[in-house]
Amino acid sequence: HESLVRSPMCLAARLRPAGKAVSAAPSAAPSAAAAPSAAAPPPRRHSLERAFGVLLSVNFLVFWAVPIFGMGQAYHLGLKHVLRPLYDRLHRSA
């Protein structure tokens with residue numbers, strides 16, 4: 001019903017309200033030059049969203065995934081032989 005507050009981010013806001021009849025199918029197929037439907041974002045917006053997603057993925061890989069992987073490998077390949085005895089000594093003293 002119309003009294004419900006709909007978020008502009010909600011995809012359901014673009015759906016027809018329940019109970020209204022759907023009109024009959026058009027007699028002719030729409031032409032290829034027809035305007036895009038309201039549900040499809042403009043091509044420029046789509047490319048901006050895609051570029052932003054790629055940027056966030058690269059950020060995750062460069063600043064999170066690779067450094068965490070590198071620190072884990074550094075620990076397992078050598079630092080544990082130095083750090084583990086120090087940790088054990090501190091742990092026993094508590």
- prompt: Are Y75 and R84 close enough that some pair of their side-chain heavy atoms sits under 4.5 Å apart?
  reply: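 Result yes, sub-4.5 Å side-chain heavy-atom pair found.
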Does [X] belong to the same Ile/Leu/Val/Met/Phe/Trp/Tyr cluster as [Y], with side-chain heavy atoms less than 4.5 Å apart forming each link?
{"X": "V58", "Y": "L61", "value": "yes"}
{"X": "V54", "Y": "F52", "value": "no"}
{"X": "L56", "Y": "W64", "value": "no"}
{"X": "Y87", "Y": "M71", "value": "no"}

Separation of [Y] [atom2] from [X] [atom1] (nearest 0.5 Å):
{"X": "L83", "Y": "L90", "atom1": "CG", "atom2": "CG", "value": "11.0 Å"}
{"X": "L79", "Y": "L86", "atom1": "CG", "atom2": "CG", "value": "11.0 Å"}
{"X": "H76", "Y": "H81", "atom1": "NE2", "atom2": "NE2", "value": "10.5 Å"}
{"X": "F63", "Y": "I68", "atom1": "CZ", "atom2": "CD1", "value": "13.0 Å"}

